[in-house]
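Atoms considered below: every heavy atom in the structure, side chains included; atoms not considered: hydrogens, waters and symmetry mates. Index from 1, following the sequence. Quick caveat: nothing in here was measured; it's all calculated off a predicted structure.
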Amino acid sequence: MKKKLFILLSFLLMIITAGCSKDNEIDTNLSEPYYPIQEGNIYAAINDFFKFNYPQGDEYKCFFGESDKSQCLLFNKKEDIDIHFSGNASFPDIDFDNYTLIVGQEIMPEAFHSVLHQKLYYVEDKLKLYVYVPQIEGGYAMIQHLFYWGLFPKMHSSNISVKIIKEPV
């Protein structure tokens, strides 16, 4: 009986682990990537907005308050920003006929993460954002709010998921 139970449990464990993907694994069947716009007046205005109005590490608070949940918001119109933005400073104007703004926070298990780069893909009718961060060896064991944002060409979907990829540096 014990042998049968052991075989059954081993088989179940094998099935469960076979269905899991590695954290740094990239999905297949992705579209060509979209990259955040990192030049021009609107990029500079948004970058300066976060840089000068919120201390590094506190940028997330103007959208997510004190929440300790990983979240991602996609904005395709100003009214959406007005609903979620709780800061005192005036958020820069964005031409939402041409752009989509993505703002998010990821709760990380160690400190000192920063965003290296981002890629956005269409997967069927959904969006998948990959946020690349440095893989930290021996980081401090504490919770960090990793804040990220990106201004992308206009996306015609509001269904988005995020995957954090740790890259060796």
Side-chain angles (χ1 to χ4, degrees), residues 20-64 67-77 80-81 84-85 87 91-169:
C20 297
S21 64
K22 296 178 183 170
D23 283 345
N24 285 353
E25 207 171 88
I26 304 294
D27 295 329
T28 58
N29 300 329
L30 298 175
S31 67
E32 287 296 313
Y34 293 88
Y35 298 95
I37 297 164
Q38 296 186 327
E39 56 187 34
N41 292 339
I42 188 61
Y43 167 79
I46 296 169
N47 194 49
D48 288 349
F49 171 80
F50 287 120
K51 190 161 116 182
F52 296 122
N53 290 301
Y54 296 94
Q56 186 173 6
D58 282 347
E59 305 97 326
Y60 68 93
K61 290 182 180 179
C62 65
F63 283 101
F64 305 106
S67 173
D68 282 335
K69 288 183 0 185
S70 295
Q71 302 176 60
C72 181
L73 301 172
L74 184 142
F75 300 112
N76 273 324
K77 56 187 177 185
D80 294 340
I81 288 180
H84 293 280
F85 179 69
F91 200 83
D93 288 327
I94 297 172
D95 177 5
F96 284 110
D97 290 335
N98 295 311
Y99 300 108
T100 293
L101 177 67
I102 297 174
V103 175
Q105 76 170 358
E106 188 72 24
I107 306 305
M108 302 296 286
E110 61 271 324
F112 305 119
H113 279 291
S114 60
V115 175
L116 297 173
H117 55 97
Q118 303 174 58
K119 294 179 185 177
L120 182 64
Y121 296 91
Y122 271 107
V123 181
E124 297 170 8
D125 62 340
K126 300 172 188 159
L127 296 168
K128 183 128 190 175
L129 178 66
Y130 288 86
V131 178
Y132 295 82
V133 299
Q135 183 171 349
I136 298 173
E137 299 297 329
Y140 294 104
M142 62 183 277
I143 301 298
Q144 176 195 1
H145 291 82
L146 172 70
F147 178 76
Y148 57 90
W149 69 272
L151 183 68
F152 292 88
K154 182 71 170 188
M155 298 289 135
H156 298 285
S157 176
S158 58
N159 190 348
I160 188 168
S161 63
V162 178
K163 189 166 192 172
I164 305 296
I165 304 289
K166 293 181 180 180
E167 282 189 337
V169 288

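- Closest approach of N98 to D95, counting heavy atoms only: ND2-OD2, 2.5 Å.
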task: Walk me through it: do Y99 and I46 pass the test side-chain contact (heavy atoms from CB on, under 4.5 Å)?
output: CA-CA 13 Å; Y99 300 108; I46 296 169; over 6 Å; no
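- For the residue pair F152 and Q118, the shortest heavy atom distance occurs at CZ-OE1, 4.2 Å.
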task: Begin from the C-alpha positions of K154 and D97 and carry the test side-chain contact (heavy atoms from CB on, under 4.5 Å) through to its verdict.
output: CA-CA 7 Å; K154 182 71 170 188; D97 290 335; 5.9 Å; no
- prompt: Run the side-chain contact (heavy atoms from CB on, under 4.5 Å) check on I81 and V103 step by step: do they pass?
  reply: CA-CA 10 Å; I81 288 180; V103 175; over 6 Å; no
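- Annotation for P134 and S114: closest pair CD-O, 3.0 Å, computed over non-hydrogen atoms.
- Here the CG-CD1 distance, from L146 to I164, works out to 5.5 Å after rounding to the nearest 0.5 Å.
- Between F91 and F49, the ring planes lie perpendicular to each other; the angle is over 60°, past the 30° to 60° tilted range.
- Every side chain to side chain contact (heavy atoms under 4.5 Å, CB included) that Y35 has, sequence neighbours left out, goes to P33, K119.
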Show me the donor-acceptor pairs within less than 3.5 Å that the side chains of residues 155-162 make with the rest of the protein, sequence neighbours left out.
residue	atom	partner	partner atom	Å
S157	OG	D125	O	3.0
S157	OG	N159	N	3.3

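- Shown here for P153 and Y34, the closest heavy-atom pair between the two residues is CG-CD2, 4.3 Å.
- Here the closest heavy-atom approach between residue L74 and residue T100 is recorded as CG-CG2, 3.6 Å.
- Rounding to the nearest 0.5 Å places CG of L120 at 10.5 Å from OH of Y130.
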- request: Take W149 and I102, measure what side-chain contact (heavy atoms from CB on, under 4.5 Å) needs, and give me the verdict at the end.
  value: CA-CA 5 Å; W149 69 272; I102 297 174; over 6 Å; no
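- With a 4.5 Å cut-off on side-chain heavy atoms, V133 and E106 do not count as touching.
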- request: Would you check, one step at a time, whether the test ring pair (Phe, Tyr, Trp, His ring centres under 6.0 Å) holds for F63 with F85?
  value: CA-CA 5 Å; F63 283 101; F85 179 69; 5.5 Å; yes
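- With contacts defined as side-chain heavy-atom distances shorter than 4.5 Å, the pair Q38/H117 does not qualify.
- Looking only at side-chain heavy atoms (C-beta outward), F50 and C62 come within less than 4.5 Å of each other.
- Qualifying side chain to side chain contact (heavy atoms under 4.5 Å, CB included) partners for D68, counting only residues two or more places apart in sequence or in other chains: H145.
- Contact record, Q105 with K69: NE2-O, 2.8 Å, taken as the closest heavy-atom pair.
- A ring-centre distance under 6.0 Å is not found for F96 and F75.
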